[in-house]
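Report on the structure given below.
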Amino acid sequence: MKKKNLYLQQAISGLLFLIVLVMLGWLSLRYDAHWDWTAGKRNTLTEASQKQLQSMKEPLKFIAFAYPGADERASIEFFVDRYKRVKPDIEVQFIDPSASPQKVRDYNISSAGEVVLEYQGRRENLRGLSEQAITTALQRLSYTGENWIVFLEGHGERDTNSQGPEALSQFAQVLKDKGLKVQGLNLVKTPQIPDNTSVLVIASPRSALLEGEIKIVNDYVTKGGNLLWLADPDNDPGLKAVADTLGITWQNGYAIFPEYEALGTGHPGIYAALGYPPSAITDGLQQVTLFPLVRSLVAKKDGGWTAAPLLVTTETAWLETGALDGGPVQMEPEKGDIPGPLNIGMSLTRDRPNATPPATPAAPDAPPPPKPQQRVVAIGDADFISNAYLGQLGNQQLGLNTVQWLAARDGQMNIDIPKAPDVDLFLPDWAIAVLAGGFVIALPLLLLGIGIGRWFARRRK
C-alpha cells in the first residue's frame, strides 16, 4: 500500500511538473518581458522615440544591406527589436550587397551595413545605427508637408548661413534635421511672401524695413500667416503696423535677473527662465533657458487675439530702462524702470481669417472639429537660438518647440533624444600602470606560483 501511495505521489508530482513547464512555455510565447538594468536605460527607447513611433500609423520597414552571416545582421536585429516592442508592424529585410548590385544602386548604398528606413514610400539612408539618428530620420519621414520656414533677410537679421556666433545656422540645421525646410527671403529682391510659407521668422532686424516691405509682412499676418518675431533690446523692433495688427507693444529696456550672482550667469542682463506658464510649447520642457539681454512686451486685451504668456520673469525682476554699463543696477521706478513680473515671451492665437470651415462630424454627438488657427510667437531676444547659445541648457528645445508649434506640428513637439550617459573610463597614469603591472606581471606570477605549489604538493604525496 505504501509503495502504491509513493508511486501515486511521484506520478502527481511529475504531472504537476509537466503542467508548470507547459504553462511557462505558453507564457513565454504569449508575453514578452524585458528589464533594462544598464546605466541611463541605454537599451530602452526614450519616451521621445516611443512618442514618435506611436504617431506613425502605417507600417515601417528597415532595409539592411549586410552580408550573410555578418555580425552586422545580428546587431541590427538586436537594435531594431527595441523599436518592435513599441511598434509591432515594423519589418526588417536583409539584402546581400554582393548578390543585389541593382538594389545597391537603387537605394544609393555606399557601404555594407547601411540601413534604409522606408515609410509611406519615402526613404532615409542611415550609415550608423543610433537612437538619435533613427528617431530624427523618423521625424523627417513622418512629415509630408511641403511648407517652408522662411527667414526674413536683407536688414541685418540673424543669418541662417553664416557660422558666426550671432548667426542662426546651427538652429536652421536643427530644423532641417527635424524634416522642416528652411529658406531665406529678401523682400527687395522678391517682393512677396511665398504661398507655401508655414512660418515667417523675423529675427531682430538691425535696420528699418521699407514701407512696402512692412505692408507685405502686415498683409501676410492679416491674412492668417504664422509668425515668429524675435526682437533684441539693442535694436528698434520697428514694424509698428505689424505690432498694431497683433495688438502688442514692445517695451524698451533690459530684463534684469536679480539672482545672477547666486547662479553665476555673470551678468544681470542674462536672464534665466526657471519655470514656464502652462503652454503647449513648454509642456514637458523641464530645463532652464538662457536669454542674453531680453526685452519685455505687453498685449492689448481687446486686440482680437488670445494672448498667453510664454516666458514670464519673477516678481523680483524688473525692466531696466537705463544703460547696462557693467556696474551695479537697481530698480528705479522714478526713472522709468518697470517692476516685474514681465512677459518676455508671448503666444497669440486666433481663428484663421477666411479659412475653410471644418467638415461637419459624421456622428451627431461628436464634437465639431477645431477651426484652423493662426499662431504667432513674440520673444524679446534672438540670442537664445544663436550659434553661441543654442547648445545652452534648454534653448534648442524651446526654439524647436516654438517653430514646430507655429508650423502646426504639435505631434512632433518635445521629441528630443538626450545624450547617453558617460560610458568612457578615464584613469590617471598611475592607475593605468597599476592595472598593466597587475595583468602583465602580478597575475602571471600568481598563476605560476599556484602551479608550482600544486606540483610540490603532489610530489610530497
NZ/NE/NH1/NH2 to OD/OE distance under 4.0 Å, Lys223 and Asp219: no
Tyr389 ring center within less than 6.0 Å of Phe384 ring center: no
Proximity of Phe257 and Tyr271 rings by center, below 6.0 Å: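 They qualify: ring centres under 6.0 Å apart.
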Less than 4.5 Å apart, any side-chain heavy atom of [X] and any of [Y]?
X	Y	value
Ile379	Val377	yes
Tyr276	Leu311	yes
Trp148	Thr197	no
Pro353	Gln374	yes

Test salt bridge (Lys or Arg N to Asp or Glu O under 4.0 Å) applied to Lys87 - qualifying residues, sequence neighbours left out: Asp89
OG on Ser347 to CD1 on Ile281, rounded to 0.5 Å: 5.5 Å
Rounded distance (nearest 0.5 Å) linking atom CG of Asp96 with atom OH of Tyr67: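 Interatomic distance, Asp96 CG to Tyr67 OH, rounded to 0.5 Å: 7.5 Å.
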For residues 200-211, which side-chain N or O atoms pair as donor and acceptor with protein atoms under 3.5 Å away, sequence neighbours left out?
from: Ser204; atom 1: OG; to: Asp232; atom 2: N; distance (Å): 3.3
from: Ser204; atom 1: OG; to: Asp232; atom 2: OD2; distance (Å): 3.0
from: Ser204; atom 1: OG; to: Asn235; atom 2: ND2; distance (Å): 3.0
from: Arg206; atom 1: NH2; to: Glu166; atom 2: OE1; distance (Å): 2.5
from: Ser207; atom 1: OG; to: His155; atom 2: O; distance (Å): 3.3

Which atom of Pro237 lies closest to which atom of Trp250, heavy atoms considered: CB-CD1, 3.6 Å
Within 45° cone of Tyr107 ring axis and under 6.0 Å: Arg123 NZ or CZ: yes
Cation over ring face, Arg82 and Phe79, 6.0 Å, 45°: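 Checked: cation-pi criterion met.
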Derivation and outcome, side-chain contact (heavy atoms from CB on, under 4.5 Å), residues Arg158 and Phe151: CA-CA 9 Å; Arg158 303 301 180 99; Phe151 286 77; over 6 Å; no
Short side-chain donor-acceptor distance under 3.5 Å, Ser169 and Gln173: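 There is no such pair between these side chains.
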